[in-house]
Amino acid sequence: MTDIYDKITEISKRRGFFWPSFDIYGSASGFYDYGPLGTKLIKNIKSKWRDYYINKESFDEIISTTIMSEDVFRASGHLDGFEDAMTECNNCNKSFRADHLVEDFTEEQADSLSNQKIYELIKENEVSCPACGGELGEVYNFNLMFKTSIGPGTGRNGYLRPETAQGMFVDFPYLQDTNRGKLPFGVVQIGRAYRNEISPRQGVIRLREFLQMEAEVFVKPGEKNHPSFSKVKDEKVKLYSIDQQEEKEGKPQKIKLEEALKSGLIGSEILAYYIGLTKKFLLDLGIDQSKLRFRQHLDEERAHYAEDCWDAEAKSDRFGWIELAGISDRTNYDLKKHGKNSNQDLRAFDKYKEPKKIEKKVISPNMDKLGPKFKDKSKKIAESLKDIRPEKMEKLLDKEKFEIEIDGEKFKLDDRYVEVEKKIEKRSGERFYPHVIEPSYGLDRITYITIEHSYDEDVLDEEKRKVIRFNKIVSPIDVAVFPLIEDKKLLNKSQKVIDSLDNELNTVYDESGSIGRRYRRQDEIGTPYCITIDHQTIEDNTVTIRERDSTDQIRVKISDINTTINKLTKNKVKFNELTSSPT
RNA sequence: GCGGGUGUGGUCUAGUGGUAGGACCUGAGCCUUCCAAGCUCAUGGCCCGGGUUCAAAUCCCGGCACCCGCACCA
C-alpha cells in the first residue's frame, strides 16, 4: 500500500523534514528527529502560533523544566491517574486493564484499590480472560511517565513532564506577581513533553517525546467571556457535539460560533473564542477546512479535571480523524490541587470596587476576669470559647451559667467572662482559585497534517509532479535561485540576485541538473517561487519568477526582485496580478 | 505487550547456500536558451547480533523497525 503517508515519509527522509531518531543504532518507535526542512517548517508554525498568542492575545511565554519533582505529579494526578493496573492472560497473553475487569465481573469499585487487592478480587471471583477464558496473571502497574532520580544515590524522584501545562500551574505565584495581580491573564509555553506510550506506531502522530504548544488562560470563575469574541463570532465551524456523536446518524454541523454559543452547544464564550482562534490558526497553516472539525469530548473520555473539552481534529488519509489541539476548561482543578499539596496560596485576589463593610459578631473573652479565676487554664479556655459560633454563644449567655469541657476538665462560666461583640469588618476583596482555559496544541501532528494537507500531485507535460503546496507563511524555503545554465556570466548574475534578497528570506541556490529538474526539486519541498537568471538577464537585467502552483512565469527587473518577492511571500500581491516589467 | 506479515544503496526492485545486479535519485564532468532530456564516470546496500555450515542476503534463534489486528491512549 502506498498512500500519502508513505510518500511524505519518503520525501521527508530524502529531503529532510523528519526521520527516525538514532537510526544508525536502530531507532525506537515513538522517536523522530526533524531535519533541516522540518526544523524550518516547525519554526514557521511556532512563529505563526506566537503571532496569535503572544502578539495578538498578549500572553506571556515561559520556559519551565522538563523534569519535575514527584510532588508535582502527585498533586496533578498524573502519578495515580496516569498509571494503569494491568494484567495479562497466561493462556493467550492478551493484556487488560485489571481494574476494569474486576468492575465488569463484580460490584466492586476497583479504581482506587491496590494491585494486590485487585489480584485477590480476580482470584476470589474467578475472573478469567474475556478473550479466551484463560487464567489471569499478576496485576502490575504501567505508568506512562518516564521516571528518573534527581541527584546521586537515593535522591528525590523526578519525572519527565507528560505535558507542559504543569510548569505554568506550579509557577502561578510568580506569574501572578509579574502580572501585578491582574486577571485574566494568559501564559504560554512551547516545549517537549514525554509519555512512555505502550506501543506508538503512527510515525510522528504518536510520539514518546513530542512538542506541545500550550496556553493557560487564568480567568475569574464567573467571567468566561472574551473581549474579542466579536472578531470570531461569525466564523463558521464544524462542530461535532456529544449529542451528535451519540446519535446513530449524528453528523457534525457547520454553525456560526455565535449561534453555537447562544444555543448552549458551546458552554462559554471563551471556549468558543479559542475554538475560533484555533480554526483561524490551522487554516493559516494550510490545513484543509473540509478536513477539519471540532469534536466535543464524551463524558467518559474527558479528563478528570475538565469541565468541557473540544478537540480540533483533522482528517488524515491514513490515520483518520486525529487530534491536533484540545481546548478545555480545566476549571480550578490544577491550582486547587497544587495549592493544597504545596501548602501555598495559589488563589487570586479580586478587589471590590468599593470595600465591603461586613458586620460580624465576634466572641471576646474577658481575660482580666478569666486570668485571676482560672490561672494557667485561662488561655486554653479563651481559645475554646473563640471556637464556639457567636450565635451559639449568645444562647449560652442567655442562661445564667454554662459549662465547657477542656481535656476532660469542666469549667463553669457566665457572662462575666465572655461577651459577644459586634464588629464591623472591612473587606476590600476576596480570594478565589482562578479557572483555567487551556488551548493545547500538538506541534508534531500539526506539522505532519500541514504537510499532508498541502501535498498534491498533478500532471505537467504528461509527467506526474509531486508538489507540496505549502502556504507561504509555513514554507521552509521562500525562494530558489537558478542560473539557467552553468555559464560564468549567469553564475555571477545569480550571486548578485541572491545578494539583493533580504536576509529574512530563506533562499536556496541550485545550479546542477536541467532547469526542469531543479524546478521539480523545489516543487517537492514546497518552495513557492523560483528565480531564474537567463541570457536575457545579461542584456536587460531582468529575471524570471516562476510560481510553484501554476508554473507560470513573469519577468522582473533585478532592481525590483527583492520588493516583488517580499510582496509575493507576504501575500500583498497575487502572482497572476503581476505583469512582466517593461523591458 | 500479544498474534500475523515484511525487512537488499536515499527510493523501487532482481537474486533460494557459492563473486550482490539493475533502474531512478544523488555527486563530478561533458552538453544544454525554461519544466525530471542525453552521454561518461563516481558514491552508496543485504536491519542488527548470535548460531548452523568449508561457505549465509538466503537456513535457525534473539533483538529492532515498519505494516495489519488486539490491547492501551489520564
Side-chain angles (χ1 to χ4, degrees), chain A residues 1-3 5-7 9-16 19-31 73 76-97 100-101 111 129-132 137 140 142-145 162-163 195-203 205-208 297 300-306 309 318 322-323 326 460-467 482-487 490 512-524 530-539 543-548 550-553 555:
Chain A
M1 172 179 65
T2 299
D3 58 14
Y5 174 81
D6 290 324
K7 289 172 184 168
T9 320
E10 189 267 310
I11 292 175
S12 280
K13 284 201 251 184
R14 188 161 44 80
R15 300 302 306 273
W19 52 62
S21 302
F22 46 92
D23 203 21
I24 59 166
Y25 291 108
S27 186
S29 51
F31 295 97
F73 302 112
S76 70
H78 288 98
L79 213 52
D80 302 324
F82 221 46
E83 189 165 70
D84 296 325
M86 306 283 291
T87 182
E88 218 169 88
C89 171
N90 290 338
N91 182 42
C92 69
N93 288 323
K94 280 190 176 155
S95 303
F96 303 94
R97 285 281 296 269
H100 286 185
L101 282 182
D111 213 13
C129 170
C132 74
Y140 61 94
F142 186 79
N143 192 298
L144 258 55
M145 283 194 295
E163 58 175 12
R195 297 178 192 185
N196 202 1
E197 301 284 353
I198 297 174
S199 175
R201 251 195 240 162
Q202 300 163 307
I205 300 299
R206 224 162 126 233
L207 297 171
R208 289 188 165 119
H297 272 201
E300 58 267 27
E301 73 180 305
R302 202 163 50 229
H304 50 287
Y305 48 73
C309 182
R318 166 164 310 178
I322 57 171
E323 175 191 350
L460 218 64
D461 295 336
E462 292 171 23
E463 199 128 26
K464 201 174 81 178
R465 173 174 77 138
K466 288 178 185 171
V467 53
F482 310 143
L484 183 60
I485 58 164
E486 285 182 85
D487 175 288
L490 299 190
S512 106
S514 75
I515 191 70
R517 182 186 300 276
R518 283 178 273 166
Y519 286 143
R520 291 300 183 280
R521 284 184 190 134
Q522 295 308 314
D523 291 340
E524 181 180 65
C530 296
I531 298 173
T532 302
I533 289 84
D534 56 18
H535 293 281
Q536 195 182 324
T537 311
I538 307 298
E539 288 160 26
V543 294
T544 61
I545 302 177
R546 177 257 196 191
E547 189 195 34
R548 175 194 66 206
S550 62
T551 75
D552 288 343
Q553 288 182 319
R555 206 158 248 292

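Numbered from 1 within each chain, the chains take letters A, B, ... in sequence-line order.
Side-chain to base pairing of Arg206(A) with C72(B): one donor and one acceptor N or O lie within less than 3.5 Å of each other. A donor N or O paired with an acceptor N or O is not found under 3.5 Å between the base of C35(B) and the side-chain atoms of Arg517(A). In the interface, the side chain of Glu197(A) is not paired with the base of C73(B) through any donor and acceptor atom under 3.5 Å apart.
Ring planes of Phe73(A) and His78(A): perpendicular class, angle over 60° (limits at 30 and 60°).
Under the Watson-Crick or G-U wobble criterion, with both distances below 3.5 Å, U53(B) has no partner in any strand shown. The base-pairing partner of G62(B), taking Watson-Crick or G-U wobble contacts with both distances under 3.5 Å, is C48(B). With both pairing distances under 3.5 Å, A37(B) is matched to nothing as a Watson-Crick or G-U wobble pair. Shown here, A20(B) forms no base pair; nothing in the strands shown gives a Watson-Crick or G-U wobble contact with both key distances under 3.5 Å. The pairing partner recorded for G69(B) is C2(B), the criterion being a Watson-Crick or G-U wobble arrangement whose two distances lie under 3.5 angstrom.
Rounded to whole Å, atom P of C25(B) lies 13 Å from atom CZ of Arg15(A). Distance His297(A) NE2 to C73(B) P: 13 Å, rounded to the nearest Å. Nucleotide C73(B) holds its C1' atom 13 Å from the CG atom of Asn196(A), rounded to whole Å. As a whole-Å value, the separation of Asp3(A) CG from C67(B) P is 10 Å. Between the C1' atom of A74(B) and the CE atom of Met145(A) lies a distance of 10 Å, rounded to the nearest Å. In this structure, CZ of Arg14(A) is placed 12 Å from C1' of C12(B), rounded to the nearest angstrom. Atom CZ in Phe22(A) sits about 20 Å away from atom P in C47(B), given to the nearest Å.
Separation of atoms CG (Asp487(A)) and CD1 (Ile538(A)) is listed at 7.0 Å; rounding is to 0.5 Å.
At a threshold of 4.0 angstrom between heavy atoms, the contacts of Thr544(A) include nucleobase atoms, whether or not backbone atoms are also involved. Using a 4.0 Å heavy-atom criterion, one finds that Ser29(A) contacts the sugar-phosphate atoms exclusively. Using a 4.0 Å heavy-atom distance criterion, Arg518(A) is classed as making no nucleic acid contact.
The pair Glu10(A)-Lys466(A) meets the salt-bridge criterion, since a charged nitrogen lies less than 4.0 angstrom from a carboxylate oxygen.
If you check C35(B), A65(B), C68(B) against the side chain of Ala28(A), the one that comes closest is A65(B). Side-chain proximity of Arg521(A) to the nucleotides U26(B), C35(B), U32(B) is greatest for U26(B). Distance from the side chain of Leu460(A) is smallest for C35(B) among the nucleotides C25(B), C31(B), C35(B). Ranking A74(B), A37(B), C34(B) by closeness to the Ser514(A) side chain, first place goes to A37(B). Side-chain proximity of Glu463(A) to A36(B), C35(B), C66(B): nearest is A36(B). When distances run from any side-chain atom of Glu486(A) to the nucleotides C34(B), U11(B), C31(B), the shortest one goes to C31(B). Taking the side chain of His78(A) as heavy atoms from C-beta on, and the options C35(B), A74(B), A28(B), the nearest nucleotide is A74(B). Of the candidates A74(B), C34(B), U11(B), the closest approach to any side-chain atom of Lys13(A) belongs to U11(B). With C34(B), A74(B), U33(B) as the candidates, the nucleotide lying closest to the side chain of Arg195(A) is A74(B). When distances are taken from the side chain of His535(A) to each of C67(B), U33(B), C25(B), the shortest belongs to U33(B).
Remark: the separation of the P atoms in A57(B) and U19(B) is 10 Å, to the nearest Å. Atom name C1', nucleotides G15(B) and G22(B): the rounded distance is 11 Å, in whole Å. Comparing G38(B) with G17(B), their P atoms are spaced 38 Å from each other, to the whole Å. Annotation: G45(B) and U8(B) have their C1' atoms spaced 6 Å apart (nearest Å). Rounded to the nearest Å, the gap between the C1' atom of U13(B) and that of C46(B) is 13 Å. Taking atom C1' in both C61(B) and U53(B), one finds a spacing of 16 Å when rounded to whole Å. Rounded to the nearest Å, the gap between the P atom of G4(B) and that of G63(B) is 13 Å. Separating the C1' atom of G10(B) from that of C47(B) is a span of 15 Å, rounded to the nearest Å.
No side-chain heavy atom of Ser29(A) sits less than 4.5 Å from a side-chain heavy atom of Arg206(A). Between Arg518(A) and Ser512(A), every side-chain heavy-atom pair lies at or beyond the 4.5 Å cut-off.
Residue Arg520(A) places no side-chain N or O under 4.0 Å from the OP1 or OP2 atom of C25(B).
In this structure a side-chain-to-backbone donor-acceptor pair under 3.5 Å is missing from Arg548(A) to Asp523(A). Judged by distance alone, with hydrogens and angles left aside, the side-chain atoms of Arg195(A) form no donor-acceptor pair with the main-chain N or O of Glu163(A) at under 3.5 Å.
Side-chain contact check for Asp6(A) and Thr9(A): no donor-acceptor pair (N or O, by modelled atom type) lies under 3.5 Å.
Comparing Arg546(A) and Asp487(A) against RNA chain B, the residue whose closest nucleotide sits nearer the 5' end is Asp487(A).
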